[in-house]
Amino acid sequence: MALKINLYRNNNTASRGYSKIYGRVENDQPMSLEDLAQHMHDHNSPYETGLILGILTNMVKCIRELTLEGKPVKLDNLAIIKCQVETTGANSYLAFDISKNVKNIRLSAISTGSFTRSELNKAGKVDYTSLAQSLRDAERPTPEP
């Protein structure tokens, strides 16, 4: 199975890449925890889907709790999940006001262990979506008779 790449034109006139063509992954619908539990069960797991679902549900609850306490959670050979903040600058330590300078709290996942960027590049396969392929085909010059 390959990641499907769709193509788009950058229409942001303020961007240095204005009018250039870029690719991005076209993701399928997200899998629910139930779908993941079923998928795990289908991999010859001795555990029933309901038991797996219960464990995954508790795992999610705990990861949320821990990351909101500032404790990153490392899932070996997958990712370190943690909260990060986006802030605006202040002119002094005293002028930094959490209620004014913290713009966003976001969840971050950083690959870890054997799931590194280089491993992703080696193991991951990419292919065009049918739409991207038709856009490419439309730009091909037609052969002269």
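All residue numbers in this chain count up from 1 along the given sequence.
- To the nearest 0.5 Å, the span separating OG1 on T129 from CG on L3 amounts to 12.5 Å.
- Annotation for D42: atom CG counts as buried by contact number, over 12 foreign heavy atoms lying within 6.0 Å.
- In terms of heavy-atom proximity, S45 sits nearest to I52 at OG-CD1, 3.8 Å.
- From L7, atom CG reaches atom CD of E26 across 10.5 Å, with rounding to the nearest 0.5 Å.
- Considering all non-hydrogen atoms of both residues, S114 and E119 come closest at O-CG, 3.0 Å.
- In the displayed structure, R140 atom CZ is contacted under 6.0 Å by more than 12 heavy atoms of other residues, nucleotides or ligands.
- Linking ILVMFWY residues whenever their side-chain heavy atoms come closer than 4.5 Å, directly or via other members, places V73 and M59 in the same cluster.
- The structure places SG of C83 at 12.5 Å from NZ of K71, a figure rounded to the nearest 0.5 Å.
- Within 6.0 Å of CG on N91 lie no more than 12 heavy atoms contributed by other residues, nucleotides or ligands.
- No more than 12 heavy atoms of other residues, nucleotides or ligands sit less than 6.0 Å from atom OH of Y47.
- Looking at heavy atoms from C-beta onward, M40 lies in side-chain contact with L56 at the 4.5 angstrom threshold.
- A distance of 12.5 Å separates NE2 of H39 from OG of S32, quoted to the nearest 0.5 Å.
- Grouping the Ile, Leu, Val, Met, Phe, Trp and Tyr side chains by contacts below 4.5 angstrom, directly or via other members, places L53 with I55.
- Under 3.5 Å, the side chains of N101 and T87 contain no donor-acceptor pair of N or O atoms.
- The backbone N or O of R106 sits nowhere less than 3.5 Å from a side-chain atom of N104 that would complete a donor-acceptor pair.
- Rounded to the nearest 0.5 angstrom, I80 CD1 and L75 CG are separated by 9.5 Å.
- Across T49 and Q38, no two heavy atoms sit closer than the pair OG1-OE1, 3.3 Å.
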Worksheet item: For I63 and I81, what are the C-alpha separation, side-chain angles and deciding distance, and is it a side-chain contact (heavy atoms from CB on, under 4.5 Å)?
Response: CA-CA 8 Å; I63 289 174; I81 301 168; 4.2 Å; yes

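- Note: the hydrophobic cluster containing I5 does not contain Y8 (ILVMFWY, side chain heavy atoms under 4.5 Å, direct or indirect links).
- Pairing each heavy atom of F115 with each of L78, the nearest pair is CD2-O, 3.4 Å.
- Chaining together hydrophobic side chains whose heavy atoms lie under 4.5 Å apart places V85 alongside F96, I98, V102, I105.
- Minimum heavy-atom separation, K82 to T67: CA-CG2, 4.1 Å.
- The neighbour count for E34 CD, taken as heavy atoms of other residues, nucleotides or ligands under 6.0 Å away, does not exceed 12.
- Atom CG of L131 is separated from atom NZ of K4 by 12.5 Å, given to the nearest 0.5 angstrom.
- Residue E69 qualifies as enclosed at atom CD: its count of foreign heavy atoms under 6.0 Å is above 12.
- In this structure, S15 and N10 approach most closely via the heavy-atom pair OG-ND2, 3.0 Å.
- Remark: R9 fails to qualify as a cation-pi partner of Y22 under the 6.0 Å distance and 45° angle criteria applied to the six-membered ring.
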